[in-house]
Amino acid sequence: MAKGKRAKKTRVSGGTVAVIVLAVVVAAAVAGVLGLGAYVAGLDTVYPNISVAGVDIGGMSYDKAHSTLLNADLGVPAGVTAAAKLTDLVSVSVTSDEAGLTYSVTDAVDTAYAVGRGEGFFADMFSYLDCLRRPHEITASSQFNEAGVRAIIAGQAALADHPAEDAAWQRSGDEILVTKGRDGYTVDQEAVYDYIRRSLLAGVSAETDEFAEGVAAGIPGGEPDFDAIYAEIFKAPQDAYFDAESGAAVAPAKGVSFDVAAAKGLFASLDAGETMTVPLIYTDPEISGEDINAMLFRDKLAEMNTTLSGSSANRITNVTLAAQAVNGTVLNPGDEFSFNGIVGKRTEEKGYKQATGYAGGTTVPMVGGGICQVSSTIYYCTLLADLEITNRANHGLTVSYLPAGLDATVSWGSIDFKFKNNRTYPVRVDAWVKDKTLYVELWGTKVDDITIELESNILKTLEPKVEEQVDETLKPGQTKVINKGKTGCVSESYKLYYDGEGNLIKRVLITKDTYYAEKKIVAVGPEPSDPAGPTTPTGPETTDPETTNPKPTEPETTDPGPTVPEPTDPETTGPDPTEPETTDPETTGPEETDPDDPGFDDPDPDPTDEEDEEGEGTLGNG
């Protein structure tokens, strides 16, 4: 009998089982996740562990959470203040009450309810799980009076803001006020507002100085120029002085200055915008008004008088007018005297007359002749007073009233006599004519005991040349002196300085001058027409050759025969021919003046002699 087949058994491996189990687990997990997600999606409550301002509203419905928060005390703690320092002197502070700070419950619940929602199925689920794992604190939104807070900040910022300021100074009485410049400054109001808002919302009082630097609003200038300020402030002390125009002493003025180095050092230590005080320094003048009045024209510095004896009335008039013009002239220290500038042009309209003067190496009539006696006498006095001579020329010919080298000629438009007051105090010139004498005095203030004497030395005598001119009106052998001529010389003049005890200190050369000789002119009769023998004389004049050329010292002829008529006006006819000529060098040149005899004159004066009188001559080189 046939045997039946055995049924084949199916075996399940372990790996298959594991896969099945894993699939079941995964399916269960997915189902769980999906279920949890569906649960979370279906929740209408606040996720767990969520609180607002410390109040737990997790798991509550919206309405329940809202009512819970309304019943909770969510007010801002009383006395909360936010402050900020704007500058060293200005700050701003705002309290919670001033900011009108309150919480919004609705905004808080909305925020809490929205946590974990609206981001997607799985995201919302994981947010839910995160809330289960840890608590979440929600900050309540607030009601904040922004406009009010900004107004408070703006008010304080106006006190702190300022533009850039340069350094400045001003004189105030006896001091200088100097203010240091400072940078411009502007408060960053937006940053300050943000800080105060954040601080108040945090509920904790706070203060900061982070805004004290502000925002730069311009750069000031550097330090003031103290040297320029000094130049503007400085005044040298002004001594009292004599005003020639008003005839009175001008009051002195104190000097003004300040210590520049000290001012610079003090300025460097100032803070921006700070003001310092610089005291002015006053310096008294050396000479007060009382000093000037007491010393003005106290001392006679020099005097000299020269004779007008033998001068014509016209010449004396000219000398008098020139003396009157210079009389009373006052020279302050440093002033210069100009003879031409003071006397002016000599004209007939001013009263000047025709008188002889030097021109072209001889004497000629001219308006104003003789005024050089005034300039020369003043020159003599300026030497004695040791004043500074700035312009002087000697005459071309010697003069009779002063020694050689001690005269000064003038000529309008060409030659002037000038000197400067180089003394400490004013000098006054006094000049006048009295009893045919010209007087000159210089008055001022002596500051030492030095005295000066003048010395004139003749180095060489210059004899005049003789020129003969035939005069047909004279008889043969007759002669007549037309111009007796004048001896010239070379001279040196000196100042002799003596101390108060009469000791000679020094001897100083003033000038070396040359005075030219004036030509002697002699008129002679014509040669005899008959050489066989002499003619019969008609008068006492002899035709003997021994007498036809008389010596220079002999007077002119007395022959009564025809002669040139003698002119009667000495102002226009030149020298008087009756004065005998001398060639003695001891007497032809000017004598050395005797200090005890200020009225030095021509050594051989002749009342009719005017050839030594000078005026506006042009021959003044020396």
Side-chain angles (χ1 to χ4, degrees), residues 301-307 337 339 357-358 361 363 370-411 415-420 438 440 442 451-464 486-498 504 506-518 582 584-605 611-622:
L301 306 178
E303 64 177 332
M304 185 60 179
N305 61 76
T306 53
T307 183
F337 175 98
F339 186 88
Y358 288 161
T363 53
I371 65 166
C372 286
Q373 186 162 344
V374 181
S375 60
S376 295
T377 308
I378 295 174
Y379 172 62
Y380 191 97
C381 288
T382 60
L383 296 177
L384 291 175
D386 208 22
L387 296 174
E388 179 185 351
I389 309 303
T390 56
N391 195 69
R392 172 262 177 186
N394 65 291
H395 290 84
L397 306 175
T398 58
V399 298
S400 63
Y401 48 80
L402 283 173
L406 301 178
D407 61 312
T409 187
V410 291
S411 177
I415 303 174
D416 197 4
F417 165 57
K418 296 181 180 181
F419 67 89
K420 183 178 292 185
L438 169 65
V440 174
L442 300 184
T451 58
I452 295 175
E453 293 182 4
L454 303 180
E455 177 183 302
S456 172
N457 297 326
I458 304 300
L459 304 181
K460 182 180 179 181
T461 299
L462 305 177
E463 297 296 338
K486 193 176 186 69
T487 301
C489 67
V490 177
S491 69
E492 282 183 344
S493 53
Y494 289 87
K495 286 183 184 179
L496 281 65
Y497 292 78
Y498 294 89
L504 180 63
K506 59 182 177 179
R507 180 172 180 264
V508 178
L509 175 67
I510 304 171
T511 59
K512 182 175 181 179
D513 299 313
T514 298
Y515 297 86
Y516 300 104
E518 184 180 12
T582 176
D584 183 356
E586 296 299 324
T587 59
T588 54
E591 292 183 0
E592 181 173 345
T593 182
D594 180 357
D596 296 328
D597 180 15
F600 182 86
D601 197 9
D602 194 339
D604 186 18
E611 71 174 1
D612 289 332
E613 318 304 347
E614 77 303 339
E616 298 189 78
T618 57
L619 188 58
N621 303 324

query = Please walk me through it: do E492 and T511 pass side chain to side chain contact (heavy atoms under 4.5 Å, CB included)?
reply = CA-CA 6 Å; E492 282 183 344; T511 59; over 6 Å; no

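- Using modelled atom types, one finds no donor on one side chain facing an acceptor on the other under 3.5 Å when comparing Y516 with E518.
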Side chain to side chain contact (heavy atoms under 4.5 Å, CB included) between I378 and F419, worked out = CA-CA 10 Å; I378 295 174; F419 67 89; 3.9 Å; yes

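- Expressed to the nearest 0.5 Å, how far CG of D513 lies from OG of S491 amounts to 4.5 Å.
- If you check the side chains of S456 and S493, you find no donor sitting under 3.5 Å from an acceptor.
- Using cut-offs of 30° and 60° for the angle between ring planes, the Y379 and F417 rings count as perpendicular.
- Salt bridge present: E455 and R507 bring a charged side-chain N and a carboxylate O closer than 4.0 Å.
- The heavy-atom pair separating A517 from L397 by the smallest distance is C-CD2, 4.4 Å.
- In this structure, H395 and C372 have side chains that are in contact, with non-hydrogen atoms separated by less than 4.5 Å.
- Minimum heavy-atom separation, E463 to T461: OE2-CG2, 3.6 Å.
- Within the 4.5 Å cutoff, side-chain heavy atoms of Y494 are placed close to those of L509.
- Partners of K420 by side-chain contact (heavy atoms from CB on, under 4.5 Å), not counting sequence neighbours, listed by chain and number: E388, T390.
- Side-chain contact between L301 and L384 is absent, with no heavy-atom pair separated by less than 4.5 Å.
- Side-chain contact between V374 and L438 is present, with at least one heavy-atom pair separated by less than 4.5 Å.
- The shortest side-chain heavy-atom distance between T398 and C489 falls under the 4.5 Å cut-off.
- Qualifying side chain to side chain donor-acceptor pair (under 3.5 Å) partners for T451, counting only residues two or more places apart in sequence or in other chains: none.
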query = For Y497 and D386, what are the C-alpha separation, side-chain angles and deciding distance, and is it a side-chain hydrogen bond (donor to acceptor under 3.5 Å, both in side chains)?
reply = CA-CA 10 Å; Y497 292 78; D386 208 22; 2.8 Å; yes

key: Working for side chain to side chain contact (heavy atoms under 4.5 Å, CB included), residues L496 and L454   = CA-CA 6 Å; L496 281 65; L454 303 180; over 6 Å; no

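- Within the 4.5 Å cutoff, no side-chain heavy atoms of T409 are placed close to those of R392.
- Residues N394 and L406 fail the side-chain proximity criterion, which asks for heavy atoms closer than 4.5 Å.
- Residue K495 holds its NZ atom at 5.0 Å from CD1 of I452, rounded to the nearest 0.5 Å.
- Side chains of L383 and I389 form a contact here, defined as non-hydrogen atoms less than 4.5 Å apart.
- We find the CZ-CD1 distance between F339 and I415 to be 12.5 Å, quoted to the nearest 0.5 Å.
- Under 3.5 Å, the side chains of N305 and Y401 contain no donor-acceptor pair of N or O atoms.
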inquiry  = Working note: L462 + K460, criterion side chain to side chain contact (heavy atoms under 4.5 Å, CB included); need CA distance, chi angles, decisive distance, verdict.
reply    = CA-CA 7 Å; L462 305 177; K460 182 180 179 181; 3.9 Å; yes

